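Every value quoted in this text rests on a predicted model; they were computed, and no experiment measured them.
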Amino acid sequence: MERIVTTAIVGTGQIQLQEASTGTPVDALAAQLVGEQERKLLLTAGAWSIYRRAGYCARANIDGFNPVQALSGKDIGSRSHPGEKVHTPNPNESSEDALAPCSPRATHLLSMLLLQHQYKPLLPEALARMQQAQLRIPHALLPLVLTHSTQDKNARAPLLPVLGKRGQWLSRFNPAWFWVTDSLKDAEDLQLDTAKIIWQEGTSEQRRALFQRLRAAEPARARAWLMDVWPQEKATNKGNFLATLNINLSAEDEPFLEQALGDRSSSVRGTAAELLANITTSALSQRMRARAETLLNYTHGTLTVTPPHTLELAWQKDGIVVEPPKHVGERAFWLGQVLAKVPPQHWAQLFGVSPAQLIAAAKENEWEATLIAGWLHATTLYKQQQWAQALWERWLQQSSDTPPPFDTSLATQLLSMLPQQDIENAILQLTPNAAGWSPALTALPCAWSHQFGERYLQLLREYIRSSQAHSNQYYHWVQSVNLAAIALSPSNFDLALIPWELPASPAWYGKLCKEAITTLTTLIEMRKRII
């Protein structure tokens, strides 16, 4: 290959193509080429590349193989080519497994979950039940389940406890499966030298995963590493690493975050400002509260709002963006950004009123949309359940508003902050045909209570057979069936499997309902088999 490269650099006019021989059967193939010398050279190089790839043998000898170095690109393993001796992996090198393999019937079910697309959503439940039964994945399915979990990150956590010693051993032979070794390592197992290699030379994903682990184990060291490379990092990497500082965020991070406020990237400045706002003792947090208090006043049930007329340079340095999006006024944009960085409970304490009272007072104000948007952002940033509940109740009143204070997706975010029982009660406050009923189900954990599942099935049956079943809400209801099939409690299975009364007309709607109910019952039958 070196001769081919040399010929390409110097030029075929200076070096005869015959001198670029490879010493392999590729030379005989190249000798048959006709035409210009440049064309022959390029075709020879391509043939040589394919020849090498076809003769490549993966590193199979586990001795001396270091997955961490492999991740960093330092040691992917020796490459062998045709004629070289290759060591084959020895499964006996994997230690004895304390977990028993699952039965042949369970193995067959796992195969169906992995190979048939419609059943894949049920895999996490199957793996969780395997863990409860102290069973492991059978050896024959290990490559399949490792490949699936590499593609679907949600399947990784339930897989690890049932992977077994053989699965852990096997994962070291495929770089795509190295996440297994990385996930199983405890934080204290981080080897400083190899970790530094990954940090300095790894891919963006590898560095981000390492940084998250290091931040969870040693927050100060992680911050120091980030500070060392900060000037050379791209804006995208800066933003990702900076957001990771939310893990074990403390006042010790404030000096570095204050430095990040001066970054050229607006997204980096915004992330730094949010993190500083989350450190309640930080100087930025105190500055934002002082500014916000000049913008809002509550007296005798009346909320007075005075948005800024100009944006001071000091505000801009604290992450307040100057230019608003289209169709948004400057004053409203600046006001909303300040409110978003003030803990919402601050207002209840300052004015001595409940969140519900403040939200009700905002309804009478011309700046309501901006106030709600700012409080919404602050509620999600500071995880304030009392405010989430109050804002959800405000959203329930939106049917009489034009335009509504905020959309269904934001309402769903609020619900996800509440305890499960509160989420279920909140969803059931909606009328069955309300636009937000089905989307709000996504805020629930995938394990509904018996009472909620029973009510859902009752409402679904009523909706399907109602005369208005083919209204504009049909899509959301039909889509909710996919979630219900996974989330329903086993105690609801018999109720779900009672024959359904499906509409005959219009024909397209009857077909849609039939497909949805078939999906529901098929998945529930499979869940019964898994259990």
Side-chain angles (χ1 to χ4, degrees), residues 208 211-212 214-216 218-296 307-308 310-324 332-350 370-371 373-385 387-388 413 417:
R208 191 157 55 244
F211 189 71
Q212 289 174 348
L214 187 62
R215 180 64 182 180
E218 300 183 56
R221 187 190 296 275
R223 183 179 61 250
W225 281 20
L226 182 56
M227 291 174 67
D228 288 341
V229 301
W230 187 257
Q232 295 92 340
E233 291 292 341
K234 296 180 180 179
T236 302
N237 287 342
K238 283 184 176 181
N240 290 332
F241 290 136
L242 203 63
T244 305
L245 292 185
N246 193 46
I247 301 172
N248 286 324
L249 183 67
S250 70
E252 295 179 358
D253 299 311
E254 183 177 359
F256 173 59
L257 292 173
E258 284 281 354
Q259 174 190 339
L261 282 177
D263 195 85
R264 289 182 297 178
S265 168
S266 59
S267 62
V268 171
R269 295 195 302 270
T271 302
E274 280 208 351
L275 290 170
L276 283 167
N278 233 333
I279 303 174
T280 55
T281 58
S282 71
L284 181 139
S285 182
Q286 296 174 25
R287 292 194 296 268
M288 286 296 180
R289 293 182 198 182
R291 291 163 183 157
E293 288 177 8
T294 66
L295 307 178
L296 296 188
T310 59
L311 194 62
E312 299 176 12
L313 182 60
W315 292 38
Q316 299 178 42
K317 290 181 177 179
D318 281 347
I320 303 300
V321 180
V322 180
E323 293 294 330
F333 186 54
W334 300 336
L335 170 64
Q337 291 181 80
V338 174
L339 294 180
K341 293 178 176 61
V342 176
Q345 72 270 23
H346 173 75
W347 303 111
Q349 296 169 355
L350 179 66
T370 302
L371 294 171
W375 287 337
L376 264 170
H377 191 100
T379 297
T380 55
L381 178 64
Y382 296 98
K383 310 300 181 195
Q384 293 294 311
Q385 288 188 0
W387 272 84
Q413 290 181 34
M417 297 170 55

Donor-acceptor contact below 3.5 Å, side chain Glu254 vs main chain Leu276: no
side-chain contact (heavy atoms from CB on, under 4.5 Å) partners for Thr294, two or more places apart: none
Between OG on residue Ser282 and NZ on residue Lys341, distance to nearest 0.5 Å: 12.0 Å
Full working for side-chain contact (heavy atoms from CB on, under 4.5 Å) between Leu242 and Glu274: CA-CA 11 Å; Leu242 203 63; Glu274 280 208 351; over 6 Å; no
Leu257/Leu249 under side-chain contact (heavy atoms from CB on, under 4.5 Å): CA gap, chis, key distance, verdict: CA-CA 11 Å; Leu257 292 173; Leu249 183 67; 4.1 Å; yes
Atom pair CG/CG of Asp253 and Leu226 - distance to nearest 0.5 Å: 10.0 Å
Thr280/His346 under side-chain contact (heavy atoms from CB on, under 4.5 Å): CA gap, chis, key distance, verdict: CA-CA 11 Å; Thr280 55; His346 173 75; over 6 Å; no
Atom pair CD/CG of Glu252 and Leu245 - distance to nearest 0.5 Å: 12.0 Å
Distance-minimising heavy-atom pair for Ala273 and Gly319: CB-CA, 4.2 Å
Inter- and intrachain pairs under salt bridge (Lys or Arg N to Asp or Glu O under 4.0 Å), touching residues 262-273, at least two apart: Lys238-Asp263
Of all pairs that satisfy salt bridge (Lys or Arg N to Asp or Glu O under 4.0 Å), the ones with a partner from residues 275-285, not counting sequence neighbours: none
Residues in side-chain contact (heavy atoms from CB on, under 4.5 Å) contact with Ala332, at least two apart in sequence or another chain: Trp367, Thr370
Leu275 side, atom CG; Leu381 side, atom CG - distance, nearest 0.5 Å: 8.5 Å
Results of side-chain contact (heavy atoms from CB on, under 4.5 Å) for Pro324 - residues two or more places apart only: Val328, Glu330, Phe333
Student check: side-chain heavy atoms of Ile279 and Ser285 closer than 4.5 Å: no
Side chain to side chain donor-acceptor pair (under 3.5 Å) involving Asn237 - partner list, sequence neighbours excluded: Glu233
Atom pair NE2/CD of His377 and Gln337 - distance to nearest 0.5 Å: 9.5 Å
Straight-line distance of Leu335 CG to Leu371 CG, nearest 0.5 Å: 6.0 Å
Pairing residues for Ser250 by the side chain to side chain donor-acceptor pair (under 3.5 Å) criterion, not counting sequence neighbours: none
Partners passing ring pair (Phe, Tyr, Trp, His ring centres under 6.0 Å) against Trp334 (at least two apart in sequence or in another chain): none
Passing candidate, ring pair (Phe, Tyr, Trp, His ring centres under 6.0 Å) with Trp387, options Trp347, Tyr382, Trp375: Trp375
Any residue meeting side-chain contact (heavy atoms from CB on, under 4.5 Å) with Thr244, in chain and number order, not counting sequence neighbours: Phe211, Gln212, Arg215, Ile247
Within residues 312-321 or reaching into it, pairs that qualify as side chain to side chain donor-acceptor pair (under 3.5 Å) - sequence neighbours excluded: Arg287-Asp318, Arg291-Asp318
Any residue meeting salt bridge (Lys or Arg N to Asp or Glu O under 4.0 Å) with Arg221, in chain and number order, not counting sequence neighbours: Glu218
Within-4.5 Å side-chain heavy-atom neighbours: Leu261 and Leu284: yes
Exam field: side chain Thr271 to backbone Ser267, donor-acceptor pair closer than 3.5 Å: yes
Selection residues 243-262 - residue pairs positive for ring pair (Phe, Tyr, Trp, His ring centres under 6.0 Å), sequence neighbours left out: Trp230-Phe256
